[in-house]
Number of protein chains: 2
Amino acid sequence: MPGPSAVLWDGDVLGGPRLASVRGRIPPTTISRLPIYLRCLAAASPGATFCSSEQLAEIAGVNSAQVRKDLSYLGSYGVRGVGYNIAELEAQIRRVLGLDREYPTVIVGAGNLGRALARYDGFADAGFRVVALFDVDPAKVGPGPAGIPILAMGELERVVRDEDVAIAILAVPASAAQGVAERLAEAGIRSILNFAPTVLRIGDGVEVRRVDLSTELQILTYHLRSRLLSESG
Amino acid sequence: MPGPSAVLWDGDVLGGPRLASVRGRIPPTTISRLPIYLRCLAAASPGATFCSSEQLAEIAGVNSAQVRKDLSYLGSYGVRGVGYNIAELEAQIRRVLGLDREYPTVIVGAGNLGRALARYDGFADAGFRVVALFDVDPAKVGPGPAGIPILAMGELERVVRDEDVAIAILAVPASAAQGVAERLAEAGIRSILNFAPTVLRIGDGVEVRRVDLSTELQILTYHLRSRLLSESG
DNA sequence: TAGATTGTTAATCGATTAACAATC
DNA sequence: TAGATTGTTAATCGATTAACAATC
């Protein structure tokens, strides 16, 4: 086993004995594709044991060289002439993404979006357990959707501590987002999924990902418009 | 005026006389930042007339050289030594993104997410008018959220035609997404915002953007895990 | 062995950013 | 003019992809 100074971090810390280590940084673009591959593998033919990069690329809608390069960052899970062992590869991707445990999650903002997200099955399916919703409006406090309680904002720090919450989903108005994000960071949250249409300014210790619904639509209209112009021009 | 062969497309087609043309392709990464800039400009100090690339960069959370490069693709809207005229720049970004008109939009899937999206103010604020929701479940057909009707899937083609719908928001289960996307394409929809956790395989004539909620959370867990490992390692 | 497919190299492509001349 | 800031160039960085040797 190499000394700790030889590796940046080591996939074997949580992994099984059969599996090679993950060495060095995995590029962000690769990370963002791993969940897609995971889903494609889960959807692969039930009987199959192996899956080629070509097949995976076809389902995921990417280039097969990209699949091979992406997977090479995880270590060697392919068999030349055969393909990738589906079960092994799935396990390794889950391990690299940290999906071999459950993540207590809170949703801040119990408006339309927050409540819909609380009911969204996809989160639970992927191992994200929503332990509570929070809202500034005292009238909303009480039993919430899908059996998840809606709590007062004052409870935030206590719940984060008691339930060991690592992830917060931010579904508050843009005007409130920055303030709430700062409170979450202060309470010890290290990961925020931000649905508020605003750029959060927060320390490096907190990872923020933004899901910006209007922005996505506006990018679509750019293409609609340019297609229109090229047709009429 | 240059001949049509000299430009790929021309921002003046819908633009005012004062404004320079947009020539050539705007890089996708730039397009995806334009909505952010637009929001930052709208949020800029109400009294101000000009805004520097440095200020804009600060609010948008990007490098100021990037702001200048991005904006340079739109033509020359800055004044050296002064900054960008906020109102002019806003107008030009809206024009480039095609936001100088309204877009009739449909939401397919009247589940939790579809209904929450129908109620989401951000869409209407940005000029996206949701004309109808659609659902396979006949029991859901009838008056829907925010005064928007829930219609049977059979009505899809008629509504798309009659209301000149260009954008569809896909909020159906993954298993149904591909089939619905093909119907939408067939009906003449050119832009799809896909919330179903699946990669759509569809012709080049249809622009698809994916919003993948579980994937976003899984990217967060990757960083949580690697932070955990580097702390304990 | 012959056929298939990986893992990796090297080329290409595109995006970011520092630096600075142009110019308000 | 002096100070400020743009617009653009060139350097750097990172991501994609074709090609192919390694090898099952």
Side-chain angles (χ1 to χ4, degrees), chain A residues 8 11 18-34 36-37 40-41 44 48-86 88-89 92-93 96 199 219, chain B residues 8 11 18-34 36-37 40-41 44 48-86 88-89 92-93 96 199 219:
Chain A
L8 250 151
R18 158 87 185 64
L19 302 163
S21 299
V22 176
R23 281 145 206 284
R25 283 261 139 269
I26 303 181
T29 49
T30 294
I31 295 296
S32 70
R33 278 185 298 264
L34 291 181
I36 317 277
Y37 297 149
C40 294
L41 288 168
T49 309
F50 286 88
C51 177
S52 73
S53 61
E54 196 66 62
Q55 293 172 314
L56 204 46
E58 168 73 16
I59 314 174
V62 299
N63 183 294
S64 71
Q66 182 153 81
V67 170
R68 291 196 296 279
K69 186 142 245 279
D70 284 341
L71 298 185
S72 76
Y73 291 113
L74 311 186
S76 289
Y77 288 87
V79 183
R80 285 167 145 102
V82 178
Y84 297 87
N85 181 307
I86 293 174
E88 256 184 23
L89 185 55
Q92 174 64 352
I93 295 179
V96 168
V199 177
I219 295 169
Chain B
L8 249 149
R18 158 88 185 63
L19 302 162
S21 298
V22 176
R23 280 146 209 284
R25 283 261 139 267
I26 302 181
T29 48
T30 294
I31 296 296
S32 69
R33 280 186 296 266
L34 292 180
I36 318 277
Y37 297 150
C40 294
L41 288 168
T49 308
F50 286 89
C51 178
S52 74
S53 61
E54 197 66 62
Q55 293 172 313
L56 205 45
E58 169 72 15
I59 314 174
V62 299
N63 184 293
S64 70
Q66 183 155 80
V67 170
R68 291 197 296 280
K69 186 144 245 282
D70 283 341
L71 299 185
S72 76
Y73 291 112
L74 312 185
S76 289
Y77 289 86
V79 183
R80 283 168 146 104
V82 178
Y84 297 87
N85 181 305
I86 293 174
E88 255 183 23
L89 185 55
Q92 174 64 353
I93 295 179
V96 169
V199 176
I219 295 170

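Every chain is numbered from 1, with letters handed out A, B, ... down the list of sequences.
- We find that CZ of F50(B) is positioned 22 Å from P of dG3(D), with the value rounded to whole Å.
- dT6(D) atom P lies 16 Å from atom OH of Y77(B), rounded to whole Å.
- Of all nucleotides present, only dA19(D) satisfies the Watson-Crick or G-U wobble test against dT8(C), with each distance under 3.5 Å.
- For the pair Q92(A) (side chain) and L74(A) (backbone), a donor-acceptor distance under 3.5 Å is present.
- With dA18(C), dG7(D), dA18(D) as the choices, the nucleotide that has an atom nearest any side-chain atom of N63(A) turns out to be dA18(D).
- Distances shown here put a side-chain N or O of Y84(B) below 4.0 Å from the OP1 or OP2 atom of dG7(D).
- If you measure from atom CD of Q92(A) to atom P of dT6(C), you get 17 Å, rounded to the nearest angstrom.
- A close approach under 4.0 Å does occur between a side-chain nitrogen or oxygen of T29(A) and OP1 or OP2 of dT16(D).
- Residue S52(A) places no side-chain N or O under 4.0 Å from the OP1 or OP2 atom of dA4(C).
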I59(A) vs I36(A), side chain to side chain contact (heavy atoms under 4.5 Å, CB included): CA-CA, chis, key distance, verdict:
CA-CA 9 Å; I59(A) 314 174; I36(A) 317 277; over 6 Å; no

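- Projected onto DNA chain D by closest heavy-atom contact, S53(B) and K69(B) fall at different nucleotides, the more 5' of which corresponds to S53(B).
- Spacing between atom CD of Q66(A) and atom P of dG14(D) amounts to 17 Å, rounded to whole angstrom units.
- The distance from atom CG of N85(B) to atom P of dT6(D) is 13 Å, rounded to the nearest whole Å.
- Computed from coordinates, the R33(A) CZ to dA15(D) C1' distance equals 8 Å when rounded to whole Å.
- Residue side chain R80(A) reaches the base of dT6(C) through a donor-acceptor N/O pair under 3.5 Å, judged by distance alone.
- The CG atom of N85(B) sits 10.5 Å away from the SG atom of C51(B) when rounded to the nearest 0.5 Å.
- Between the side chain of Q55(A) and the backbone N or O of S52(A), at least one donor-acceptor pair lies under 3.5 Å.
- Taking for each of R68(A) and A65(B) the nucleotide of DNA chain D with the nearest heavy atom, the 5'-most of the two is the partner of A65(B).
- Atom CG in D70(A) sits roughly 11 Å away from atom P in dT17(D) (whole-Å rounding).
- Put simply, Y73(A) has no side-chain N or O that comes within less than 4.0 Å of OP1 or OP2 on dT8(C).
- At least one side-chain heavy atom of Y37(A) sits less than 4.5 Å from a side-chain heavy atom of V67(A).
- Atoms CG (L74(B)) and P (dG7(D)) sit 10 Å apart, rounded to a whole Å.
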